[in-house]
Amino acid sequence: MSNTQIVLSKETLNIQSCIDWVMSPESGGIDVFIGTVRNATKGKSVLKLDFEAYEPMAISEMEKIAKQAFEKWPVQKVLIHHRTGLLQIGEVPVVIAVSAAHRDAAFDACRFIIDTLKQTVPIWKKEAFEDGEVWVAAHP
Amino acid sequence: MKINVLAFGVTKEIFGSSTVSLELTNDATIYNLKYVLEQQYPRLKQLASYMVAVNNEYALPGDTIHERDEIAIIPPVSGG
């Protein structure tokens, strides 16, 4: 699909090239969500995050989300880039960029994509603290 | 039939390996698989939840497993 770009990457995500990819002369606006590694969870200092993906399924689930976004809103291009591996505080694990003729569609689709990604895409992160490591959301 | 089960995240630690081999009856369902796994690895029951994927798609408890299917345990996801 030339209107969709899905990438899982071990390398640093290039935000500008994500924005450039969704830009087109027909677009009236681009909505971008950039996830960043936060230095604390529930008041406890986080040192770094380690992301693991079930790669073929993660790609296919992200493709499904992009397809749903096109079905729900008049958007022009959808890009989802996600990192794997070790990320330090302030690094970027995810970039979502959506272009559309009008901003409402771009905002709504971008929010839908990140919210759904967090629920369905088989990617996991392990938080490293001073005193140990925890797989996020694994236990109640 | 013998099947291999892929593990990720916390389940890799519970299994002590990124893949485990199991013996199931030929018409086994996802429900049967989860039962066998939970007998062998009781810590699975302490997870908030977990799903099973068959050939890269989320499966339902009643779905049947076939030999050579790619089976994966999907603990609660936390991407983004």
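Model, not experiment: these values are computed from the prediction. Chain identifiers are assigned alphabetically (A, B, ...) following the order of the sequence lines, protein sequences preceding nucleic acid strands; residue numbering begins at 1 within each chain. Note: hydrogens, waters and symmetry copies are ignored here, and every other heavy atom, side chains too, is used.
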- Please flag which part of B:Tyr50 lies under 4.5 Å from any non-hydrogen atom of chain A: side chain, backbone, both or neither. neither
- Item | Side-chain donor-acceptor pair present, A:Ser17, A:Asp20, cut-off under 3.5 Å | no
- Task: For chain B, find which of A:Ala58, A:Ala137, A:Gly35 contributes the most heavy-atom pairs closer than 4.5 angstrom.
- Result: A:Ala137
- Message: Is A:His82 in contact with chain B via its backbone, its side chain, both, or neither, using a 4.5 Å heavy-atom distance?
- Response: side chain
- Task: Check the pair A:Glu26 / A:Ser24 against side-chain hydrogen bond (donor to acceptor under 3.5 Å, both in side chains), numbers first and verdict last.
- Result: CA-CA 5 Å; A:Glu26 292 78 34; A:Ser24 82; 3.3 Å; yes
- Looking at the rings of A:Tyr54 and A:Trp124, which for Trp means the six-membered one, are their centres under 6.0 Å apart? no
- Query: Side chain, backbone, both or neither: which part of B:Glu13 has a heavy atom under 4.5 Å from chain A?
  - Reply: side chain
- Message: Does any backbone or side-chain atom of A:Gln119 lie under 4.5 Å from a heavy atom of chain B? Answer side chain, backbone, both or neither.
- Response: backbone
- Does CZ belonging to A:Phe129 count more than 12 external heavy atoms closer than 6.0 Å? yes
- Query: A:Val136 versus chain B, heavy atoms under 4.5 Å apart: side chain, backbone, both or neither?
  - Reply: both
- Do the side-chain N and O atoms of B:Asn4 and B:Thr19 include a donor-acceptor pair separated by under 3.5 angstrom? no
- Quick one: do B:Tyr35 and B:Gln40 satisfy side-chain hydrogen bond (donor to acceptor under 3.5 Å, both in side chains)? Show the steps, please. CA-CA 9 Å; B:Tyr35 182 82; B:Gln40 251 175 282; over 6 Å; no
- Message: If we define contacts as heavy-atom pairs under 4.5 Å, which of A:Ser60, A:Pro93, A:Pro56 has the most with chain B?
- Response: A:Pro56
- Item | Portion of A:Lys118 that has a non-hydrogen atom of chain B nearer than 4.5 angstrom | both
